[in-house]
Amino acid sequence: MQVAVWGGGSLGLLWADRLAAEFPETILITRTRAQRDEIQAQGIRVTGVDGRCHRRQIQVEWVASERIPRLDAVFITVKQRILSGIAPRLAEICSPAASLFLWQNGLGGEKFFLPYFSSEQIYRAVTTEGALRKGWAHVYHTGSGESWVGPACGENFSPRVERLIQELSSKSVPIHFATDLRQRVWEKLAVNCVINPLTAIWNLPNGALPEQDDFYPWMEKILHEVVQVAQKEGIYLSQEELQKKVLSVCLHTATNRSSMLQDLDRGELTEVDFINGAVVEQGGKGGIPAPYNERLTRLVHQAEGGAD
């Protein structure tokens, strides 16, 4: 089985290292030739949560290469805002029965792949892992967590996917099956709605958020809106439990700079439209206003400035 990780960001490097440990044929596909060249020369360097480092040589290509083999399972770790651009490319190089795993924050990523793949081929992944990329080939594992994989549109796992997840989880990588991920997706979305935009606007690592005077009022208002919108979607969340989750993530990924803050650091566009903006959009469809999430969306767009 030809396994690939599509995207050389922090989460992509972390999973490329893990997959290559179990599946030596794993290939990492990067956005740029420069990153491809550096990883070919140096391998991936991983600094664990315990501070220990290791390097791993891995097969790597960049997206424009004609040498990418036929792919059977792809961990897609790029930003949600560019999924529409890679979906047709994946359709060209994936095997007919390939399985796709979407690791994006936010809602709605599967819609970009449904024109090219059957619903049974598309899986969502939710993780509480923390990672920070330092350069093209170096990733820090900043917070241990768990991951869940489940069908994006249906209920059944293919035997191939079951074997893949079982082989990974058998080696102490915390990844689990979930036949219905909607609850976890909304819980993760709620946490991201708080941590991502506030760290981005205030330019803080996760662990510094609870120290800010304005943090708790913002968290309460953001989560209240998410709970109301989710309930309209048939998902019932506890605001009290979500607040505990937010504080737990801040504690256990204290040194992590959120993906949204990392985007701003690099002068790139963020995923705020798929996180806070998605709450506003879903709320609008159900007649539920989400003014605090809407304000955060605007503030992050202002912080993006001239990013393109």
Side-chain angles (χ1 to χ4, degrees), residues 10-11 49 79 105-107 126-134 140-145 184-231 235-284 288-307:
S10 53
L11 196 61
V49 291
K79 301 295 184 181
N105 294 323
L107 300 177
V126 176
T127 187
T128 59
E129 301 267 21
L132 176 64
R133 193 183 75 179
K134 291 282 192 177
Y140 281 78
H141 187 192
T142 55
S144 297
R184 294 193 187 278
V185 166
W186 274 92
E187 289 174 356
K188 178 70 180 295
L189 178 69
V191 172
N192 283 329
C193 279
V194 176
I195 293 177
N196 273 271
L198 293 182
T199 54
I201 293 167
W202 295 341
N203 191 24
L204 294 170
N206 293 357
L209 281 181
E211 302 171 5
Q212 308 307 304
D213 292 338
D214 292 339
F215 172 68
Y216 287 92
W218 268 106
M219 176 173 65
E220 292 174 3
K221 294 178 174 72
I222 294 164
L223 292 179
H224 176 73
E225 294 177 358
V226 175
V227 168
Q228 297 301 307
V229 174
Q231 184 171 338
I235 305 296
Y236 296 91
L237 304 173
S238 163
Q239 181 163 340
E240 181 179 356
E241 290 302 313
L242 289 177
Q243 290 181 184
K244 292 178 181 177
K245 285 180 181 293
V246 169
L247 293 174
S248 176
V249 171
C250 288
L251 174 65
H252 290 99
T253 63
T255 62
N256 198 43
R257 292 174 72 81
S258 73
S259 59
M260 197 172 289
L261 177 54
Q262 291 180 54
D263 286 338
L264 292 183
D265 287 343
R266 292 189 295 266
E268 297 177 356
L269 297 175
T270 72
E271 295 181 291
V272 70
D273 288 333
F274 300 99
I275 300 175
N276 303 87
V279 173
V280 176
E281 182 180 357
Q282 292 298 112
I288 300 173
Y292 287 92
N293 281 278
E294 185 173 12
R295 183 180 176 190
L296 283 175
T297 303
R298 290 200 309 270
L299 289 172
V300 172
H301 280 316
Q302 289 173 10
E304 288 171 349

### Task
Give the minimum heavy-atom separation between N206 and S258, together with the two atoms involved.
OD1-N, 3.8 Å
### Note, T128 side chain near T253 side chain (heavy atom, < 4.5 Å)
no
### Task
Find out whether F215 and L204 are in side-chain contact, i.e. whether some heavy atom of one side chain is under 4.5 Å from a heavy atom of the other.
no
### Message
Just so I know, are the side chains of P205 and T255 near enough to count as touching, which here means a heavy-atom distance under 4.5 Å?
### Response
no
### Query
Can you name the ring-ring contact (aromatic ring centres under 6.0 Å, His included) partners of Y140, sequence neighbours left out?
H138
### Message
When you compare the side chain of Y292 with that of N276, does any pair of heavy atoms fall below 4.5 Å?
### Response
no
### Task
Any salt bridge (Lys or Arg N to Asp or Glu O under 4.0 Å) involving residues 247-259? Give me the pairs, sequence neighbours left out, ordered by first then second residue.
R257-D265
### Query
Any salt bridge (Lys or Arg N to Asp or Glu O under 4.0 Å) pairs touching residues 271-281, not counting sequence neighbours?
E281-K285
### Task
Can you see which heavy atom on P210 is nearest to which on L247, and at what distance?
CG-CD2, 4.1 Å
#### Entry: Under the side-chain contact (heavy atoms from CB on, under 4.5 Å) test, residues paired with S144 that sit two or more places apart
V49, H141
### Query
Side chains of W186 and L107: closer than 4.5 Å at any heavy-atom pair?
yes
#### Entry: Within 6.0 angstrom of K245 NZ, more than 12 heavy atoms from elsewhere
no
### R295, CZ atom: more than 12 neighbouring heavy atoms under 6.0 Å
no
### Heavy-atom pair of closest approach, residues R133 and S10
N-CB, 3.5 Å
### Close side-chain approach of T199 to M260, heavy-atom, < 4.5 Å
no
### Query
Partners of S248 by side-chain contact (heavy atoms from CB on, under 4.5 Å), sequence neighbours excluded?
H252
### Message
Run the side-chain contact (heavy atoms from CB on, under 4.5 Å) test on L269 and D263 for me, step by step, so that the C-alpha distance in whole Å, both residues' side-chain angles and the decisive distance to 0.1 Å come before the verdict.
### Response
CA-CA 6 Å; L269 297 175; D263 286 338; over 6 Å; no
### Query
Under 4.5 Å between any side-chain heavy atoms of I275 and L189, yes or no?
yes
### Task
Could you give me the CA-CA distance, side-chain angles and deciding distance for S259 and K79, then say whether side-chain contact (heavy atoms from CB on, under 4.5 Å) is met?
CA-CA 9 Å; S259 59; K79 301 295 184 181; 3.3 Å; yes
### Summary
Here the pair of heavy atoms bringing W218 nearest to L296 is CZ3-CG, 3.7 Å
### Message
Using only atom types and a distance under 3.5 Å, with no angle test, would you say the side chain of E304 pairs donor to acceptor with the backbone of T270?
### Response
yes
### Summary
residues 219-230 vs side chain to side chain donor-acceptor pair (under 3.5 Å), sequence neighbours excluded, gives E225-N293
### Message
Is any side-chain heavy atom of P289 closer than 4.5 Å to one of E294?
### Response
no
